[in-house]
There are 2 protein chains.
Amino acid sequence: MKITAQEEYGLRCIIQLARQTNGEPLMVRDIAEREGLSIAYVEKILWTLSRSGIIESVRGPKGGYRLTRPCSEISIGEVMRALGGIPSQEEICGQFTGNQETCVHHDKCDLQPVWVSITDFVHSVFDRIPLSQLLQGKLEVKMVQMTAKAPANLAG
Amino acid sequence: MKITAQEEYGLRCIIQLARQTNGEPLMVRDIAEREGLSIAYVEKILWTLSRSGIIESVRGPKGGYRLTRPCSEISIGEVMRALGGIPSQEEICGQFTGNQETCVHHDKCDLQPVWVSITDFVHSVFDRIPLSQLLQGKLEVKMVQMTAKAPANLAG
DNA sequence: CACATACCTGACTTATTTGTCAGGTACTGG
DNA sequence: CCAGTACCTGACAAATAAGTCAGGTATGTG
């Protein structure tokens, strides 16, 4: 379970935009410098984000990028999805088909409930954290413990 | 946040071993057939798992692989870690350093608490599910909702 | 309207992950 | 002690992700 470069750098770039309180667009060059990334790479990442409508560009002198909505109304989850993000359960099962066209387990998969639970949870966590919350210093995220159990009639 | 092929197929292979109730080793060929994977690929995956000591091989005729402990004493988390698994917080911060040697954010990173919370949680979920629980039909995993908040003095 | 600024975008290179191949080693049975 | 079975292992090939390059387009200023 890996965090991709797209996700990490994409979130970091959009956090830079969220920091921009005066409403003026922020240049790619500035973002690249602040994050220690190349201009070309930041352009590519921001282009991806702008296609999803989360950010928009302003061309010409004094141009740059800015959020299309206040940062309190944009969740991390939305950004993650725009960046490729966490797969849905269908995507997971459709992705690992081995040598076959479809997964050999069909709907009798022991692993599927695990992936579904984890990914659903991660989605729900990310959907509840707006960008604004990341800017307020050390964010505290508390998560109550889960329980896992098989149907009682089969347990033993 | 992607599930890797190693994790998916590694877990599926070890589930096949966990199904083997008579204590006899299971051949690579059988696993490959049941999972729709090539023999060579399954060999590679099982070799990785055997290096970590979770499974062991029996050579020669009637040989194969088996778990080194009862499946009730092996957690998914342990298997995931053997397969590359979920990164620790240090690994995440050390991985995305852009053009620099180290991440430009040092310890003032807005994103770090998010990754730490999520990965800690995922670890704790996986560590609590033993392989035996996966075999008992449809596993139910319930997770109570999390809360996220910034320190009150900075909120607004 | 010319020019500088700064975004736009597809093609390309490089790195990493995924999956295969080939030849080797250990064990068992006759 | 020979032959067949089945694991062992490094090197290679293919696919995907990460990151760069080059030339283009829109906008504001004098």
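Source: prediction; values computed, not measured.
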Let me know the distance between NZ of B/Lys62 and P of D/dA6, rounded to the nearest Å.
10 Å
Donor-acceptor check, side chain of A/Gln20 to backbone of A/Leu17, threshold 3.5 angstrom: yes or no?
no
Could you tell me whether the side chain of A/Arg59 has a donor or acceptor atom within less than 3.5 Å of a complementary atom in the base of C/dT5?
no
Just by distance, do the side chain of B/Gln100 and the backbone of B/Thr97 share a donor-acceptor pair under 3.5 Å?
no
Could you state the atom-to-atom distance from CZ of B/Arg66 to P of D/dC7 in whole Å?
12 Å
A/Phe121 vs B/Phe121 aromatic rings, parallel, tilted or perpendicular, using cut-offs 30° and 60°?
parallel
Closest listed nucleotide, where the reference is the side chain of B/Asn99 and the choices are D/dT20, C/dT28, C/dA6:
D/dT20
Please report the distance, rounded to the nearest Å, between CZ in B/Arg12 and P in C/dG19.
11 Å
Result for 5'-nearest mapping on DNA chain D, choosing between A/Ala5 and B/Gly64, is B/Gly64
Tell me whether the OP1 or OP2 atom of C/dT9 has a side-chain N or O from A/Trp47 closer than 4.0 Å.
yes
A/Ser57 vs C/dC8: side-chain N/O to OP1/OP2 distance below 4.0 Å
yes
Side-chain contact, heavy-atom cut-off 4.5 Å: B/Trp115 with A/Glu8?
yes
Between C/dT5 (C1') and A/Leu26 (CG): distance, integer Å:
15 Å
Establish, with yes or no, whether the OP1 or OP2 oxygen of D/dG10 is under 4.0 angstrom from a side-chain nitrogen or oxygen of B/Lys44.
no
So A/Tyr9, base contact, sugar-phosphate only, or nothing? Heavy-atom distance under 4.0 Å.
sugar-phosphate
With sugar-phosphate meaning primed atoms plus P, OP1 and OP2, does A/Gln6 contact a base, only sugar-phosphate, or nothing at under 4.0 Å between heavy atoms?
sugar-phosphate
Let's see if you can work this out: which of C/dT18, C/dT28, C/dA6 has an atom nearest to the side-chain heavy atoms of B/Pro61?
C/dT28
Most 5' of A/Gly60 and B/Ser38 on DNA chain C, judged by nearest nucleotide:
A/Gly60
By nearest nucleotide on DNA chain D, pick out whichever of B/Ile39 and B/Gly98 is the more 5' one.
B/Ile39
Indicate whether OP1 or OP2 belonging to D/dA17 is found under 4.0 Å from a side-chain N or O atom of B/Lys2.
yes
Atom CZ of B/Phe96 and atom C1' of D/dA17 are separated, to the nearest Å, by 11 Å
To the nearest Å, give me how far apart CD (B/Glu43) and C1' (C/dT25) are.
13 Å
Rounded to the nearest Å, what distance is computed from the CD1 atom of residue A/Ile45 to the P atom of nucleotide D/dA18?
10 Å
Whole angstrom is fine here: how far is it from OH in B/Tyr41 over to C1' in D/dG10?
17 Å
Heavy-atom nearest nucleotide on DNA chain C taken for B/Gln95 and for B/Leu37; more 5' hit belongs to B/Gln95
Considering every strand and a 4.0 Å limit on heavy-atom distances, what is the contact class for A/Ala40: base, sugar-phosphate, or nothing?
base
Under 3.5 Å: donor-acceptor pair, side chain of B/Glu73, backbone of B/Pro70
no
Can you tell whether the side chains of A/Glu56 and A/Arg66 come within less than 4.0 Å, N to carboxylate O?
yes
